[in-house]
Protein chains: 2
Amino acid sequence: MTTLHSIIIDSDRLFTGEDVPAAYYEDTYVKDIPPVHAVALPVNEEEVQSLVRYAIDRDLTILARGAGTGVAGAQVPLKEDALIIDLHLMNRIVALDEETLTLTVEPGVLVGEIHRYVESQGYFYPPDPASKHSTIGGNVATNAGGLRAVKYGTTRDYVRSLTAVLPSAEVITMGSRNIKSSSGYDLKDLFIGSEGTLGITTRIQLKLIPLPQARVSILLAFDTVQQATDATLAILTSGADPSGVELFERQALRYAEQNLGYPLKSQVGEAYLLMTLDGNDPKELAMRAERIEQIAKETALESHILTPEEALRNWALRDNILLGLTVFTEFELLDEVVPINKFAELIEATKQMQAKHKLNVLNFGHAGDGNVHTLLMKDDLSEEEWTERRAALLKDLYQKVADLGGLPSAEHGIGIVKKEYMEKMTDPVNLTYMRAIKQVFDPDNRLNPGKVF
Amino acid sequence: MTTLHSIIIDSDRLFTGEDVPAAYYEDTYVKDIPPVHAVALPVNEEEVQSLVRYAIDRDLTILARGAGTGVAGAQVPLKEDALIIDLHLMNRIVALDEETLTLTVEPGVLVGEIHRYVESQGYFYPPDPASKHSTIGGNVATNAGGLRAVKYGTTRDYVRSLTAVLPSAEVITMGSRNIKSSSGYDLKDLFIGSEGTLGITTRIQLKLIPLPQARVSILLAFDTVQQATDATLAILTSGADPSGVELFERQALRYAEQNLGYPLKSQVGEAYLLMTLDGNDPKELAMRAERIEQIAKETALESHILTPEEALRNWALRDNILLGLTVFTEFELLDEVVPINKFAELIEATKQMQAKHKLNVLNFGHAGDGNVHTLLMKDDLSEEEWTERRAALLKDLYQKVADLGGLPSAEHGIGIVKKEYMEKMTDPVNLTYMRAIKQVFDPDNRLNPGKVF
C-alpha cells in the first residue's frame with residue numbers, strides 16, 4: 001500500500017499523530033474534534049487524487065478545508081481518523097484570460113487576493129463575503145454571498161467551471177468557458193454550495209466583468225428597522241441599482257466603533273442602511289444617489305452621501321462588526337434568510353424572543369437580499385444559562401424563519417451547526433433526493449460525513 | 001384502474017387513437033413519430049399528478065410539451081404508446097408579488113405574454129429567446145438564452161423556484177422566494193435545462209427587476225466576421241454594457257429583408273453587429289453609445305445609432321431571420337457555443353466546410369456570448385445530397401466546436417437531434433454522473449426517454 005509520505009514528499013506538508021498542529025483541533029462551533037489520521041497539504045491535483053485513493057484503500061473519511069474561516073463547523077471532522085486535506089497551499093492564480101474574461105485559480109487563493117489582482121488589471125470579481133481571508137474554494141463550497149449580492153449575485157453566478165476530485169478519485173470538470181449551455185445536466189451548480197460533501201475542488205474558472213469606474217456610498221439613519229426595510233424595498237424597485245444594501249442595528253455596531261476607535265458618521269438612528277452604488281459615469285451615479293435620498297426623505301432621520309474617505313471609514317466599521325464582537329464579547333452568529341419583504345418582521349420577532357428567553361439579540365445583515373445575521377449575545381450569562389436559553393431561542397427562531405418561508409443559511413452553509421434545523425425546515429422530498437444524489441457521488445459516505453443533512 | 005377520462009373530465013382536453021390531432025405527429029426535426037397512447041391537456045397540478053400515476057400504473061412513457069416550438073426534437077416521443085402531457089393550457093399568470101419582485105406562473109404561459117404583462121407593471125423579465133411563442137416551461141426545460149443574455153444572463157438566472165411532478169408522482173418544490181441560499185444541494189438548477197427528463201414543471205417563480213427606462217440600439221457594419229468579433233470583445237470590456245450583441249452575416253439576413261419587404265439600414269457590410277444598450281439615464285446611455293462608436297471607428301464601415309423607429313425596424317429584421325428562411329427555403333438550424341474569443345474562428349471554419357462539403361452555410365448568433373446559429377442551407381440539393389453532405393459537415397462542425405472548447409447546444413437543448421454529438425463531446429465522467437442522476441429521479445426511464453444522452 002502507498003504511504004502518505006510517498007504521496008506528500010515534503011515533511012512540512014504532512015502531519016500525523018502528535019505532530020498535527022493544534023489549529024486543526026480548534027473550531028469556534030465544534031468542540032472536541034476527534035483525533036485525525038493525518039493532515040496533508042497537497043500542492044496539486046495529482047496529490048489530491050493520490051490522497052483520495054489512499055483514503056479509499058484504508059476506508060478513511062476525508063475532510064477538505066481551506067482557510068478554516070467557516071462558521072458552520074463544516075471544516076472539521078466529526079469522525080475519528082479522518083484524513084484532512086488542507087488546500088490552502090494550492091493557492092496559485094493560474095491564468096487571467098482577457099479574451100474570455102475568465103480567471104483560473106486554485107481553491108486556496110484568498111478572495112481578497114483575487115479582488116486585488118483582478119482590480120489591478122481593470123476587472124471586477126463582484127462576490128465579496130466581507131471575510132477577505134476566506135479561500136475561493138470555501139466560497140464555492142458555501143455559495144458565499146456577501147456585500148454585493150443585490151446587484152451582482154452570489155459566488156454561484158461567477159463560476160464558469162469547476163474541476164474536482166470525486167470520492168471515486170476520478171477527476172471531473174463541470175461547466176466550461178462557454179457563457180451559455182443547454183447541453184445536459186448542470187452538475188456545476190450541484191457542487192456549488194455542497195460544503196465539501198460531493199468532491200474536492202482543485203481548480204475554479206471565474207467569470208470577471210469590467211471594473212466599474214466610479215462608486216458612491218450612502219448612509220441612512222432610521223428610527224426603526226421597519227422604516228429601514230421599507231426604504232430598502234423602495235430603493236430596490238427604483239432603478240437606483242445599489243450593489244448592496246446593508247442594515248445594522250446601532251447596538252450591533254458599537255463594538256466595531258470601540259474596536260476601531262471612531263464613531264459612525266451618524267449617531268441618531270436605531271437602524272442604519274449603508275449602501276454603495278457603482279457605475280462608470282459620476283453624473284449618472286449622482287442622479288441615482290439623489291433618487292435614494294428622495295426615497296429616504298420621508299422617513300430617514302439623516303441621510304449622508306459619503307465622501308470617498310468617509311465611505312472607507314464607515315464601511316470599515318461595517319466590516320468590523322464581527323471582529324469587534326470577537327474582541328469584546330462572546331456570541332453566536334447566524335445567517336438565516338427570508339424573502340426580502342419579511343426582513344423587518346423577522347428582526348422584530350428576534351426582539352420578542354430576546355425578552356422571552358432573556359438572551360440579548362442583535363441583528364445586522366444584507367437587507368437587499370433578506371439575509372439577516374442575528375447575533376445571540378452571551379453577555380454575563382453562565383455557561384449553563386447560555387446553553388439552555390440559546391437552544392430554546394434557536395428553536396423559536398428557526399421556526400419563525402420557516403413560517404416566513406425562509407432558509408436556515410443564506411451564505412455560511414449548514415455544516416453541523418444548522419443541520420438539525422436544515423432537516424426540520426426542508427421538505428422531506430427535497431431531502432430524499434439530496435441524499436440520493438450524495439449517494440450517487442459518494443456511496444461510501446467518505447467526504448465530510450455527518451454534515452449538511 | 002383509473003381511466004384517463006376520470007382524470008381529464010373535459011373531452012376537449014383528451015385525445016386518443018384516431019382523435020389525436022395531426023399536429024402531435026409533426027415535428028421539423030423528428031420524422032415518423034410513433035403512435036401515441038393519448039394526448040392529455042391538464043389544467044392543474046393535480047391532473048398532472050394523476051396522469052403520472054396513470055402512466056406508472058400502465059408502465060407508459062411520458063412526454064411533457066409546451067408550445068411545441070422546440071428545435072431539437074425534445075418535445076416528441078421516440079417510443080410507441082407514450083402519454084403526451086401538453087401543458088399549454090396551464091397558462092395562468094398566478095401572482096405578481098411586488099414586495100419580493102417575483103412573478104409566479106404556470107408552465108404554459110408564453111414568454112411574450114410574460115414580457116407584456118410585467119412591462120405593463122413597470123418590471124422587466126430579461127430573458128428573450130426571440131421566439132415570443134415559446135412557453136416559459138419550455139424555456140426552463142432548455143435554459144433558454146436569447147437576445148439579452150450578455151448583460152442579463154439566461155433563464156436559469158431568473159428562476160427563483162420550480163415546482164414539478166416527479167416520475168414517482170411526488171410533487172417537489174426546488175428553490176424559494178429567498179434570494180440567497182446555502183442550505184443543501186441546488187436541485188433547482190439541476191432541473192433547469194434537463195429537457196423534461198427529470199420531472200414535469202407545474203409552477204415557476206421568476207425573479208423580476210425594475211424596467212429600464214431608456215434604450216438605444218446601434219448597428220455596425222464590417223467587412224469581415226473577424227473584425228466584428230474583435231469589436232465585440234472590445235465592447236464587452238469597455239463598460240459600455242450592451243444587453244446583447246447580435247452578429248449576422250449579410251446573406252443570413254436577406255430572407256428577412258425579402259419577407260418583411262424593407263432593407264437593413266446599412267447595406268455595405270459582410271458582417272453586422274446589432275446591439276441594444278439599456279439604462280435609466282438617456283445621457284449616460286448616449287455616453288455608452290459614444291464609447292461603442294469610438295471602438296468601432298477603426299474597423300467599422302458604417303456605424304449607426306438608431307432612432308427608436310429604426311431600432312424597431314432593424315430588430316424586426318433580426319427577429320425575422322428564421323421566419324424569413326422558413327418562408328423561402330429549407331435549412332437546418334444549429335446553436336453551438338464556443339468561448340467568445342473563438343467565435344470568428346468557428347465561423348471561418350464553417351466557410352471552409354462549406355467549400356469542402358459543397359453545402360452552403362450561413363451564420364448569425366449571439367456574438368456577446370459565443371453562441372453561433374449556423375444555418376445549413378438545402379438550396380437546390382437533392383434529398384440524398386442534402387442528407388449525406390449535411391451528416392458529413394455536421395461531423396466536422398461539432399469536431400471543430402469540441403476542439404475550440406465549445407458545446408453542442410447553448411440554448412435550444414440536445415433533444416434527439418444533437419444527442420450523438422453531445423455524447424461524443426462530453427467527458428465520459430460527466431456523462432456517467434448525469435446518467436446516474438437521471439436514474440435517481442427516474443429509475444424506470446419513464447420521462448422523455450432517449451433524449452439528451
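No hydrogens, no waters, no symmetry mates; every other heavy atom, side chains included, goes into these values. Here the structure is a predicted model, which means the values were calculated and not measured. Below, chains carry the letters A, B, ... as their sequence lines are ordered, and counting in each starts from 1.
- Partners of D442(B) by salt bridge (charged side-chain N to carboxylate O under 4.0 Å, His left out), not counting sequence neighbours, listed by chain and number: K438(B).
- When the side-chain contact (heavy atoms from CB on, under 4.5 Å) test is applied to A410(A), the partners found at least two apart in sequence or on another chain are D335(A), V337(A), N371(A), K180(B).
- Residue M434(A) touches chain B through both its backbone and its side chain, counting heavy-atom pairs closer than 4.5 Å.
- With sequence neighbours left out, T142(B) forms a side-chain contact (heavy atoms from CB on, under 4.5 Å) with S182(A), A144(B).
- Along residues 233-240 of chain B, the residues that come nearer than 4.5 angstrom to chain A, judged on non-hydrogen atoms, are L233(B), L236(B), T237(B), G239(B) in order of number.
- With a 4.5 angstrom heavy-atom cutoff, H412(A) touches chain B only via backbone atoms.
- Taking the six-membered ring for Trp, Y185(A) and Y433(B) have ring centres at least 6.0 Å apart.
- Comparing I172(A), L211(A), N143(A) by how many heavy-atom pairs each has under 4.5 Å with chain B, the most go to I172(A).
- Between chain A and the residues G370(B), G145(B), G406(B), the most heavy-atom pairs under 4.5 angstrom are made by G406(B).
- Looking at L101(B), only its side chain comes within 4.5 Å of chain A, counting heavy atoms on both sides.
- Across N430(B), V440(B), I414(B), the residue that shares the most heavy-atom pairs under 4.5 angstrom with chain A is N430(B).
- Looking at L166(A), only its side chain comes within 4.5 Å of chain B, counting heavy atoms on both sides.
- Of the listed residues M174(B), E284(B), E195(B), M422(B), the one with more heavy-atom pairs under 4.5 angstrom with chain A than any other is E284(B).
- Of the listed residues (P212(A), P210(A), G153(A), G279(A)), the greatest number of heavy-atom pairs within a distance under 4.5 Å of chain B belongs to P210(A).
- Atom CG of D241(B) sits about 8.0 Å away from atom CD1 of I209(A), to the nearest 0.5 Å.
- Formation of a donor-acceptor pair under 3.5 Å by the N178(B) side chain with backbone atoms of G405(A) is found in this model.
- Only the side chain of S176(A) has a heavy atom closer than 4.5 Å to any heavy atom of chain B.
- For Y421(B), no part lies under 4.5 angstrom from a heavy atom of chain A.
- When the candidates T197(B), L208(B), L431(B), D97(B) are compared by the number of heavy-atom contacts under 4.5 Å with chain A, T197(B) comes out ahead.
- Looking at E99(A) and I340(B), their side chains never come closer than 4.5 Å, going by heavy atoms from C-beta outward.
- Nearest heavy-atom pair, I437(B) versus L187(A), reported as atom, atom and distance to 0.1 Å: CD1-CD2, 3.5 Å.
- The heavy-atom pair separating V452(B) from G184(A) by the smallest distance is CG1-CA, 3.9 Å.
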- Could you walk me through whether V429(B) and V171(A) pass the side-chain contact (heavy atoms from CB on, under 4.5 Å) check? CA-CA 8 Å; V429(B) 181; V171(A) 173; over 6 Å; no

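- A salt bridge links R156(B) with D186(A): at least one charged nitrogen is closer than 4.0 Å to a carboxylate oxygen.
- For chain B, the nearby part of E98(A) is the backbone; its heavy atoms alone come within less than 4.5 Å.
- Contacts between A436(A) and chain B at a heavy-atom distance below 4.5 Å involve backbone atoms as well as side-chain atoms.
- Heavy atoms closer than 4.5 Å to chain B are found in both the backbone and the side chain of T100(A).
- For a residue to count as touching a neighbouring chain, one of its non-hydrogen atoms must lie under 4.5 Å from one of that chain's; by this rule E170(B) touches chain A with the side chain only.
- Annotation: side chain of V338(B) is not in contact with side chain of R177(A) (no heavy-atom distance under 4.5 Å).
- When every heavy atom of S183(A) is checked against every heavy atom of S409(B), the shortest pair comes out as OG-O, 2.7 Å.
- Across all their heavy atoms, I179(A) and G368(B) have their closest contact at CD1-O, 3.7 Å.
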- Query: Do L190(B) and D189(A) pass the side-chain contact (heavy atoms from CB on, under 4.5 Å) test, and can you show the C-alpha distance, the side-chain angles, and the key distance before you say yes or no?
  - Reply: CA-CA 7 Å; L190(B) 196 59; D189(A) 279 293; over 6 Å; no

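- Side-chain contact check for T173(A) versus D427(B): every heavy-atom pair is 4.5 Å or farther apart.
- For F441(A), the parts sitting under 4.5 Å from any heavy atom of chain B are the backbone and the side chain alike.
- Looking at R435(A), neither its backbone nor its side chain comes within 4.5 Å of chain B, counting heavy atoms on both sides.
- Between chain B and the options T102(A), L198(A), T154(A), the largest number of non-hydrogen pairs under 4.5 Å is found for L198(A).
- Here G413(A) is the residue among G193(A), G413(A), S168(A) with the most heavy-atom pairs under 4.5 Å with chain B.
- In this structure, NZ on K283(B) lies 7.0 Å from NZ on K283(A), to the nearest 0.5 angstrom.
- How far CG of N280(B) is from CE of M287(A): 6.5 Å, rounded to the nearest 0.5 Å.
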